[in-house]
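The structure appears right after this line, and notes come after that.
FYI, the numbering just counts along the sequence from 1.
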Amino acid sequence: MRAIFSREFFSYFRTYTGWLFTAVLWLFVSIYVVLNNFFGLSGSIVNSLSIAIVVLLVLVPVLTMRTIAGERRSRTDRLLLSAPVGTGQVILGKFCAAAGVFSLPIAGICLYPLLFSRFGEAALPESYLGIFGLWLFGLAAIAVGIFVSSLAENPLTAAVLSFAVLFVSFTMTAVRAMAGGIPGAIAYALDLPSRFDDFLGGTLNLGSAAYLVTVTALFLFLADRSVERRRFPFSGKMRKRTAIRAVSVLIAVAAAAGGNAAIAHLPESRRVIDLTANRIYGLSDETKKLVRGLGEDITIYILAPEESQDNSVASTLRRYAELSPHIHLENVDMAKNPGFADKYADGKEVYTNSLVVESPERYRLIPYMDLYGTEGSVDSGDFQMTSYDAEGQITSALSYVTTDSMPKAYVLTGHGEMALDGTFSNALAKLNVETAELDLLQNDKVPDDAAAVIVNGPTSDLSADDLAKLEDYAGRGGNFFLVTNFTAQSDMPEYASLLSWYGVAAKPGVVIEQDAAHYYQNGTYLLPDLRQDAQITHDAAVGNGYVFTPYAQALTHPADGDGLTYTDLLTTTADSYNHTDITSQSMAKADGDEDGPFTVGLSVRKDISGGAGSEAVIISSPNILTANADQVVSGSNRKLFAGAMTELTGTETSISIPAKSFSGSGLTMSARTALVLGLIAVVLIPGFLLLFGGAYVLLRRRR
């Protein structure tokens, strides 16, 4: 076998085949690396590998067409078949030689993630998993090509037939989406590319890996049977041998199918290993605790036939089902059951792959696009999926349908308050906190079902009557999320009185930070220190540890006592100062500006006679609850808000799992560096391989 491998491997480079294969595969992958990684600054190579299987569709038939059909055309096959080695060793030697040629550019591609790590945070596990998947796919395609070559009479026929077989495999994904039942299952069994796609998602799917390995082994075995048939042609005396070959083929096919079926029935958590940087597809401890504690049956309807459902979402749902026997998954084909979604849609349009989570008491519809975070306009089609929120949405829905009553938060209106941004409204929805607007002109008091009232940076003052109603609510044990607004504080004595009910005052002016590690772009864009041991700040603290509070005021409060307990949540450094003259064009420190540190966010609890208590979370930045501010710190403002509302609404069923970002930190590379590296990768290396290989082949022919 070693002699066969050596002969075959070096023969690829004595002709132009090996040089061309290596150069072309490297060239196309490198073009995508330059676009996605060098200029696109992505730290993962997986998006650049997708082109490779299309290139292999053409290159593999060229690589394998001569393996056996070439021997037959040159009439050297009899020499191999009469050699003192088995046909299996012949096939394995030829396969290892072709695989060796294929592995050369793969080895070169393995250097790219290491190069990325020199320019930032590279997603090494994801990248090498994708490369490993490409390698397994290539080996399977090579095995198919060798089998087809064993059937053909000449290399050209072998190349055309190999291309046709691989191309048919490429079409199986579409066939599976259109056909259900047994045809869909057959299409899935023939679908090589979808197994490679599983590796590009950042998860090691043992089923897909086993499938590609099994396909490789099976087609090599079939090639061995095909060559052996030629070695011992059919005759009356050879019927027994022929029958044995046929039975062995059937056994091999059955073993391959059985082995893959066994792996497919492994629990999802064992069969699919999440290697993504943010553990996108795993389930958090909060979710596991909730699901394992379910005491009633829950049905989750996937509004898509099984063969065309979103694979990532389906994988996540199977993880839920494995945690509890009370969760049942059911696919619903809306084309066959067009009226099914109507009773859950509430008049809205429902799209394929949406989910319905239903208990005996209530249900929740989860639109498909809510399972992913996006940037851009979904309506226009110009958008990009940036995060995966399936766990957050499904866990929230499970909490909702299994909870008897939902807390309700009212958002105060009528005083120029900033509208609650959709990002933060969605955060409340994930917490299963109902929201409603509160206009005190239309209400004699704050409703009794209010778990909390949100006052989001009013620009005009409360009326005396409004203040009385809010203080009455606080006196009944009501809770507040209060945001101050530096532009209006001096003209708002009634709102100041509401703050003073909790012993808190907001100083005129804005806080300027001079410590560069505690501001973003300029000193008014504060990144204050975040308290680490408070439940409200826990999720933000274990994340990136930043909360963005632009144009914040300094908050003051007395020491604990007289029934008041304070917890400073957000504080500036000693290098900060309170700039009182906000009308000035200069933010430079002026005479009379007080030095820090300052509190810009706090929680306070006030004891009330009768055992009740009122709690307030007070933040002094009017932009704290805006999507733009939240994006600066990758969702930490939203985490702080969710923590505060969980505390204020006082419900233990409020679970908010944040969306998990698809992107890592990425690369930092200058345009000049990207251009130089791109020229080396796309021009210099493949050009050298083609020129050197061509010169080497020509020199050998002239000898």
Side-chain angles (χ1 to χ4, degrees), residues 267-270 272 274 276 278-302 310 312-330 344 354-367 370-373 387-409 425-435 451-452 535-543 635 638-660:
E268 190 81 11
S269 57
R270 296 182 181 179
V272 181
D274 189 355
T276 56
N278 298 321
R279 296 297 181 264
I280 292 173
Y281 303 107
L283 299 182
S284 67
D285 291 339
E286 287 178 287
T287 290
K288 292 177 181 178
K289 181 180 178 181
L290 171 69
V291 175
R292 287 169 177 159
L294 290 175
E296 57 184 309
D297 287 344
I298 306 294
T299 302
I300 302 179
Y301 298 101
I302 305 103
D310 184 297
S312 296
V313 177
S315 176
T316 299
L317 288 171
R318 286 193 291 268
R319 290 177 185 261
Y320 277 88
E322 288 167 4
L323 290 172
S324 172
H326 291 290
I327 291 185
H328 308 283
L329 306 179
E330 184 176 333
Y344 304 105
S354 297
L355 306 177
V356 174
V357 181
E358 186 175 37
S359 72
E361 290 78 27
R362 58 170 66 92
Y363 64 84
R364 173 175 285 181
L365 171 69
I366 306 176
D370 286 357
L371 299 172
Y372 293 89
S387 60
Y388 185 62
D389 197 23
E391 183 190 359
Q393 295 291 341
I394 296 169
T395 296
S396 174
L398 288 173
S399 176
Y400 172 76
V401 301
T402 56
T403 302
D404 294 333
S405 60
M406 297 292 108
K408 193 168 187 177
S425 296
N426 290 338
L428 287 176
K430 286 178 68 175
L431 285 170
N432 293 321
V433 175
E434 297 182 29
T435 57
Q535 189 61 39
I536 291 175
T537 57
H538 176 267
D539 288 347
V542 298
R638 184 171 67 253
K639 293 177 183 178
L640 175 69
F641 178 67
M645 293 306 297
T646 298
E647 176 87 8
L648 296 174
T649 55
T651 173
E652 296 180 357
T653 59
S654 295
I655 300 177
S656 182
I657 309 296
K660 302 170 184 178

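Interatomic distance, OH of Tyr320 versus CG of Leu290, reported as 8.0 Å (0.5 Å rounding). Taken from CG in Leu283 to OG1 in Thr395, the straight-line distance is 7.0 Å, to the nearest 0.5 Å. Atom CG in Leu365 sits 10.5 Å away from atom CD in Gln393 (nearest 0.5 Å). Here the straight-line distance linking atom CD of Glu330 with atom CD1 of Ile300 works out to 11.5 Å at 0.5 Å rounding. Remark: Ile302 CD1 to Leu329 CG distance equals 5.0 Å, nearest 0.5 Å.
Here the closest non-hydrogen pair linking Ala540 and Lys639 is N-CB, 4.0 Å. Closest non-hydrogen pair, His326 versus Glu296, comes out as CB-O, 3.3 Å. Shown here for Val357 and Val401, the closest heavy-atom pair between the two residues is O-CG1, 3.5 Å. Taking all atoms of both residues into account, the shortest heavy-atom contact from Tyr388 to Ser312 is OH-O, 3.0 Å. For the pair Lys430 and Asp389, the tightest heavy-atom approach, listed with the atom from each and the gap, is NZ-OD1, 3.0 Å. Looking at every heavy atom in both residues, Ala427 comes nearest to Arg638 through CB-CG, 3.7 Å.
Between Val272 and Tyr281 there is no side-chain heavy-atom pair separated by less than 4.5 Å. Inter-residue side-chain proximity for Arg364 and Asn432 is flagged as met; some heavy-atom pair is nearer than 4.5 Å. The closest side-chain heavy-atom distance from Thr316 to Leu371 is not below 4.5 Å. Two residues are said to be in side-chain contact when any heavy atoms from C-beta on lie closer than 4.5 Å; Met645 and Leu431 meet this criterion.
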Problem set entry | Residues Leu317, Leu355; criterion side chain to side chain contact (heavy atoms under 4.5 Å, CB included); working and verdict | CA-CA 10 Å; Leu317 288 171; Leu355 306 177; 4.0 Å; yes

For this session: Please assess Thr435 against Ser425 for the test side chain to side chain contact (heavy atoms under 4.5 Å, CB included), listing each intermediate value before the final yes or no.
Result: CA-CA 8 Å; Thr435 57; Ser425 296; 5.9 Å; no

Problem set entry | Working for side chain to side chain contact (heavy atoms under 4.5 Å, CB included), residues Val356 and Thr299 | CA-CA 8 Å; Val356 174; Thr299 302; over 6 Å; no

For this session: Give the C-alpha distance, both sets of side-chain angles, the deciding distance and a yes or no for side chain to side chain contact (heavy atoms under 4.5 Å, CB included) between Ile327 and Leu398.
Result: CA-CA 10 Å; Ile327 291 185; Leu398 288 173; 4.2 Å; yes

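Residues forming a salt bridge (charged side-chain N to carboxylate O under 4.0 Å, His left out) with Asp310 (at least two apart in sequence, or on another chain): none. Annotation: salt bridge (charged side-chain N to carboxylate O under 4.0 Å, His left out) contacts of Arg362 (sequence neighbours excluded): none. When the side chain to side chain donor-acceptor pair (under 3.5 Å) test is applied to Thr402, no partner is found at least two apart in sequence or on another chain. In this structure, the side chain to side chain donor-acceptor pair (under 3.5 Å) partners of Glu391, at least two apart in sequence or on a different chain, are Ser284, Thr287, Lys660. With sequence neighbours excluded, no residue forms a side chain to side chain donor-acceptor pair (under 3.5 Å) with Ser324. Listed by chain and residue number, nothing satisfies the side chain to side chain donor-acceptor pair (under 3.5 Å) test with Arg319 (two or more places apart in sequence, or in another chain).
In this structure, Thr646 contributes its side chain and Ala642 its backbone to a donor-acceptor pair below 3.5 Å.
When only modelled atom types and interatomic distance are considered, Tyr400 and Ser359 share no side-chain donor-acceptor pair under 3.5 Å. Checking Ser354 against Tyr344 by side-chain atom types alone, no donor-acceptor pair falls below 3.5 Å.
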